[in-house]
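Only one structure is covered here, and it is reproduced in the block below.
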Amino acid sequence: MIDPKLLRTRTEEVKANLARRGFEFDTDAYLALEEQRKALQVETETLQGERNSSAKRIGQAKAKGEDIEPLLAAVKTLGERLEQAEEQLKGVQQSLRDIELGLPNLLAEEVPDGSDEDDNVELRRWGEQPQFDFEVKDHVAIGADLGMLDFDAAAKISGSRFAVMRGDLARLQRALIQFMLDVHTREHGYEETYVPYLVHDTALLGTSQLPKFEADSFKTDADPPMYLIPTAEVPLTNLARDTLFDSSDLPLHLTAHTPCFRSEAGSYGQDTRGLIRQHQFEKVELVQLVGAGESAAALETLTGHAETVLQRLELPYRVVRLCAGDTGFGAALTYDLEVWLPGQGRYREISSCSNFSDFQARRMRARVRNADTGKPELIHTLNGSGVAAGRALVAILENYQQEDGSVRVPDALEPWMGGVSRIA
RNA sequence: GGAGAGAUGGCUGAGUGGUCGAAAGCGCUCCCCUGCUAAGGGAGUAUACGUUAAUAGCGUAUCGAGGGUUCGAAUCCCUCUCUCUCCGCCA
């Protein structure tokens, strides 16, 4: 959520900022509601005040043994009027909240203009794109030829957008996950965390997947409904929900490996081939909870942590700064890491690192006591993939493919591959 | 699944209808005392919203969540969520 005070006082600035995303903020409707709210709130609180003071008077009169009948008569109609005002106020507040929850985060200054991924700005490249003196295959063909990647089998069990992996390929994914967790915990100082994969709607509301993007997630019919997590960001970030941290508790650096479940509503026809866009995939997530002044720097280091993974795996990649139109709902600023995929001849997203500023913290009521003022203030939250295991697997298959159809295992994964240096 | 107990401020924990935003302790902040350390004395110390030039006043809300009774609810009633104890069941 955007700071309601900011929304109220600098409505036009907010509108202009959100317009950069292509989001149209109906300020007329908002301001009209806001005006109603103010009037109703003043009225309601005045009536409440009257009720409180007369109740107090009745109590005092009773204690002195005086006749309270006239006092009771005086407040007779008060309750009814109050009830009416409260009800109206509640309705208006609910409408306002619906509007506020539907507003995306304010973009950071450095977010470039643009409407889609073509307008993202490349910041840097790392690594050499491998040269092949044979015809390269994409990961689907490589995996199928190895007999280790089977989409037909998965379709039989669960339909499209699922995969079955076997043998050393399945092991390679596990090795990737272990490798990434170890890098982040041992070298980058993240705490390894195990979290639930099923969460309540309040958790998704906190990280802003709800209420706008319900269609993107898998919802169970449990009562109350449970949702399969679309990313470990949800349980990890929600650890801070309703928490008042001591300033010495922060920053918190958390990492977890989890499966991620996405219904991919509205992506029909996109990336239907292969592992790129699945209903279920594995990911190692990085989450940082920091003080308000530290999130900008934290985003740089967090992105660097994700980059380290690709560098160790010797996978060529580039870093792009997402443009206004491509930046996600809750993010103020996002860097994507895009890995080189020889099978597609282009860079594809493998990690997305975002600064959410206080947007999620406000929804979650995640606060820290300011060391100087002693006052609670909202924390800032950040997260990034460190990195998506399924897509890393794709990148390894395609970048490390050999002419004979085998795939060399990156040196960095050796400790977790049990002596297997080539998948054949 | 069955029976019972509980949920109060940063923390622990009193409080069964009116003067309770809430005792006390801990923690924290400031001051005093003390030649270090330890101890001691005093004062202060919730959040959000509204009003406002104001982080000054004043008002309103908040004692797990939602509803109800009442002139008045932390306190009584109902529903739900969570925690703990015991029993059963299953690993």
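Residue numbers begin at 1 in each chain, while the letters A, B, ... track the order of the sequences.
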Has A:Arg37 got a side-chain atom pairing as donor or acceptor with A:Leu31's backbone, closer than 3.5 angstrom?
no
Inter-nucleotide C1' distance (B:rA14, B:rA23), Å rounded
6 Å
Once each nucleotide of nucleotides 63-73 of chain B is scored for protein heavy atoms under 4.0 Å, what B/S/- sequence comes out, 5' to 3'?
----S---BS-
Do A:Ser357 and A:Asn105 get their side chains close enough for a donor-acceptor pair, meaning under 3.5 Å?
yes
Separation between the P atoms of B:rU75 and B:rG1, rounded to whole Å
29 Å
Keeping the roles fixed (side chain from A:Ser263, backbone from A:Ala215), state whether a donor-acceptor pair exists under 3.5 Å.
yes
Spacing of the P atoms in B:rA46 and B:rU34 (rounded, Å):
31 Å
Send over the distance from A:Ile379 CD1 to B:rG10 P, rounded to a whole Å.
16 Å
Of all pairs that satisfy ring pair (Phe, Tyr, Trp, His ring centres under 6.0 Å), the ones with a partner from residues 26-49 of chain A, not counting sequence neighbours
A:Phe25-A:Tyr30
Side-chain H-bond candidate by donor/acceptor type, A:Gln360 with A:Thr207, under 3.5 Å
no
With rounding to the closest Å, how many angstrom separate the P atoms on B:rG57 and B:rG66?
30 Å
Convert the base pairs of RNA chain B into dot-bracket notation, remembering that pairs crossing earlier ones are written with [ ] and that bases paired across to another strand are shown as |; include only Watson-Crick or G-U pairs under 3.5 Å.
((((((((.[[[..)..(.....]]]((((((.......))))))((((((.....)))))).[[[[[..)....]]]]])))))))....
Counting only N and O atoms by type, is there a donor-acceptor contact under 3.5 Å from the side chain of A:Ser354 to the main-chain atoms of A:Asn383?
no
Whole-Å distance, A:Asp242 CG to B:rC82 C1', equals 13 Å
Earlier contact from the 5' end, RNA chain B, for A:Gly49 and A:Gln60:
A:Gln60
When the C1' atoms of B:rC86 and B:rG68 are compared, how many Å lie between them, rounded to an integer?
33 Å
Can you tabulate the close N/O pairs, meaning under 3.5 Å, that link protein atoms to atoms of nucleotides 44-49 of chain B?
residue: B:rC49; atom: O2'; partner: A:Gln41; partner atom: NE2; Å: 2.5

To the nearest angstrom, the CG-P distance between A:Asn370 and B:rU29 comes to 14 Å
Using the C1' atom in both, what is the distance from B:rU70 to B:rC58, to the nearest Å?
28 Å
Could you tell me how far B:rU60 sits from B:rA7 if I compare only their P atoms? Round to whole Å.
28 Å
Atom pair NZ (A:Lys38) and CG (A:Leu33), whose distance is rounded to the nearest 0.5 Å
13.5 Å
Strictly below 4.0 Å, N to O, side chains only: are A:Lys219 and A:Glu214 in salt-bridge contact?
yes
Under a 3.5 Å threshold, yes or no: a donor from one side chain and an acceptor from the other, between A:Ser406 and A:Arg422?
yes
Please report the distance separating the C1' of B:rG25 from the corresponding atom of B:rG15, rounded so that it comes out in whole Å.
15 Å
So, using side-chain contact (heavy atoms from CB on, under 4.5 Å) as the criterion, who are the partners of A:Asp119 when residues are at least two apart?
A:Ser115, A:Asp116, A:Cys323
Does a salt bridge link A:Asp150 with A:Arg166, judged by any charged N lying under 4.0 Å from a carboxylate O?
no
Could you name each residue pair satisfying ring pair (Phe, Tyr, Trp, His ring centres under 6.0 Å) that touches residues 59-105 of chain A, not counting sequence neighbours?
none
